[in-house]
2 protein chains.
Amino acid sequence: MMEKAEEILKVKGVNPTAVRILVLRYLLEHLKSQSLKDIEEGLMHTDRSSIFRSLKTFEEKKVVHSIEDGSGMIKYAVCPTGCNCDPQDLHYHFYCTKCSYTYCLLDNPIPIIKLPQNFKMQRANMVVKGLCNKCS
Amino acid sequence: MMEKAEEILKVKGVNPTAVRILVLRYLLEHLKSQSLKDIEEGLMHTDRSSIFRSLKTFEEKKVVHSIEDGSGMIKYAVCPTGCNCDPQDLHYHFYCTKCSYTYCLLDNPIPIIKLPQNFKMQRANMVVKGLCNKCS
DNA sequence: TTAAACTTTGCAATTGAGTTGCAGTATATT
DNA sequence: AATATACTGCAACTCAATTGCAAAGTTTAA
Ligand SMILES: [Mn+2]
Ligand SMILES: [Mn+2]
Ligand SMILES: [Zn+2]
Ligand SMILES: [Zn+2]
């Protein structure tokens, strides 16, 4: 029985190197989405640029999705099972302005948004901001 | 008859200094939301930090709202009339991945988003990404 | 009217996340 | 084994945002 991280990398066609396994495990172990810095601090012996490149590869191969929550740091979260990062897979995120955690709101799909003539949607970054249950 | 920029500043309780008037006029004259750099390049004789501080003041006094479109530069747009930057005043934005213009989609209000227990919404940053009419 | 108090501005310097070049190491292919 | 390819660590760099500070402008109160 292969570990979860290795399994995911195999399915998504990403070569399971040491750094990549560590980074993906770190993301899987944490409920909230993590910034490059979070991961760097969590994996104290892995270089920032290697983590960075792992995350870029993960994003490209749809292992993770990134969230621009306006905190100044991009957050990363493992894509939920079945996610292909298509518009219909998109979900809202919640950024707590107090503890600065960013959560995936997987229960609410994003509605169809009526765009002006000839505008074509590719993806979206939807962030609700406020106080999370722990901070309100 | 007072000019539009001065009028807005007066209504919103912002001291109408030279720099502030220039910055607000610049924003009013441009359809698409503008970054600090855009404004700096547009107003060639005004210092970046002064523009920056004007924008911060404007945001605080709800003269403008900012949009985090993931381009690495925060964009600013004049709040539409009647806007108070409350959750019900929020609207989606559209970021063109080709020309990197960011548009306010004022026609679609943001729907009520069901949050988990005890999560409290304060504001939101909603960005649809894709190709605009000029680029698609 | 003048002096003190407060506000705004310009300049220079700093911050910090993100990104890249490059050479060394590891892994795969012949 | 020899070669080619992929991955990693380190140091350096980029660039938007932000800040400290002193000069300039404005308001307020003797
Ligand atoms: Mn998510
Ligand atoms: Mn807008
Ligand atoms: Zn919180
Ligand atoms: Zn465009």
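Labels below follow one simple rule: chain letters A, B, ... track the order of the sequence lines, proteins then strands, and each chain is numbered from 1.
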- Message: Please report the distance, rounded to the nearest Å, between CD1 in A/Ile21 and P in C/dT27.
- Response: 11 Å
- Query: Hey, does the side chain of B/Asp69 reach the backbone of B/Ser71 with a donor-acceptor pair shorter than 3.5 angstrom?
  - Reply: yes
- Nearest-Å distance, OH (A/Tyr76) to P (C/dG18)? 6 Å
- Query: Can you check the A/Ile74 CD1 to C/dT19 C1' distance for me, whole Å?
  - Reply: 11 Å
- Query: Whole-Å distance between D/dA16 C1' and B/Gln34 CD?
  - Reply: 16 Å
- Distance test, side-chain N/O of B/Lys56 to OP1/OP2 of D/dT18, below 4.0 Å: yes
- Check whether any side-chain N or O of B/Asp38 sits under 3.5 Å from a backbone N or O of B/Gln34 as a donor-acceptor pair, and report yes or no. no
- Message: I'd like to compare against my own output: the B/S/- annotation of nucleotides 9-15 of chain C with a strict under-4.0 Å heavy-atom distance to protein.
- Response: BBB-B--
- Would you call B/Glu7 and B/Lys12 a salt bridge, taking side-chain N to carboxylate O under 4.0 Å as the test? no
- Test side-chain contact (heavy atoms from CB on, under 4.5 Å) applied to B/Val14 and B/Leu9, B/Ile21, B/Leu24, the passing residue: B/Leu9
- CD1 of A/Ile113 to OH of B/Tyr92: how many Å apart, nearest 0.5 Å? 4.0 Å
- Message: List the residues meeting ring-ring contact (aromatic ring centres under 6.0 Å, His included) with B/Phe94, not counting sequence neighbours, and say none if there are none.
- Response: A/Phe119
- For D/dC7, does either OP1 or OP2 sit under 4.0 Å from a side-chain N or O belonging to A/Asn15? yes
- Item | For atom CZ of A/Phe52 and atom P of D/dC13, their distance in whole Å | 18 Å
- Note on the structure: Separation of C/dT7 atom C1' from B/Glu60 atom CD, nearest Å, is 14 Å
